[in-house]
K.L.:
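Sharing a structure, written as structure tokens. Questions coming.
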Amino acid sequence: MRASYDEGQTWTASRVLYAGPSAYSDLAVLTNGEIACLYEAGQTHPYESIVFAGFPLQSLDDPGSSPLQGQ
């Protein structure tokens with residue numbers, strides 16, 4: 001995941017959502033202000049499951065933390 005806070009001039013916020021094989025994804029903003037991502041992911045192939053991950057936008061600003069986890 002990447003975020004720009006200056007209309008796309010720079011992309012300083014970045015985090016790994018899932019480190020394994022993955023494919024198509026879609027983003028949305030939830031009513032509570034969190035970011036939602038629905039994506040394909042798997043252990044061996046990217047099409048093994050569909051995963052939903054919700055996280056606060058501010059979590060993208062912490063590059064030292066572990067990957068974001070889906071539900």
K.L.:
Grab the two heavy atoms, one from E48 and one from Q43, that are nearest each other, plus how far apart they are.
P.N.:
OE1-N, 2.9 Å

K.L.:
Has the side chain of R2 got a donor or acceptor atom that lies under 3.5 Å from a matching backbone atom of A13?
P.N.:
no

K.L.:
Indicate the atoms forming the closest heavy-atom contact of Y39 with S22, along with that distance.
P.N.:
CD1-CB, 4.5 Å

K.L.:
Kindly compute the distance separating CE (M1) from CZ (F55), expressed to the nearest 0.5 Å.
P.N.:
3.5 Å

K.L.:
Mind checking what makes side-chain contact (heavy atoms from CB on, under 4.5 Å) contact with Y47, not counting sequence neighbours?
P.N.:
A23, E40

K.L.:
What pair of heavy atoms forms the shortest contact from L57 to A3, and how long is it?
P.N.:
CD1-CB, 4.1 Å

K.L.:
Hydrophobic clusters here meaning ILVMFWY residues chained together by side-chain heavy-atom distances under 4.5 Å, can you tell me if Y18 and L27 are in one?
P.N.:
yes

K.L.:
Quick one: pull up CG in L17 and CD1 in I35 and give me the separation to the nearest 0.5 Å.
P.N.:
11.5 Å

K.L.:
Grab the two heavy atoms, one from C37 and one from S25, that are nearest each other, plus how far apart they are.
P.N.:
SG-CB, 4.0 Å

K.L.:
Return the set of residues passing side chain to side chain donor-acceptor pair (under 3.5 Å) with D6 (not counting sequence neighbours), or none when no residue passes.
P.N.:
S4, T10

K.L.:
For L38, which residues count as a side-chain contact (heavy atoms from CB on, under 4.5 Å) partner, sequence neighbours excluded?
P.N.:
I50, F52

K.L.:
Look at the side chain of E34 and the backbone N and O of V29, then say whether any donor-acceptor pair between them is shorter than 3.5 Å.
P.N.:
no

K.L.:
If the condition is side-chain contact (heavy atoms from CB on, under 4.5 Å), which residues does Q58 pass it with, not counting sequence neighbours?
P.N.:
P56

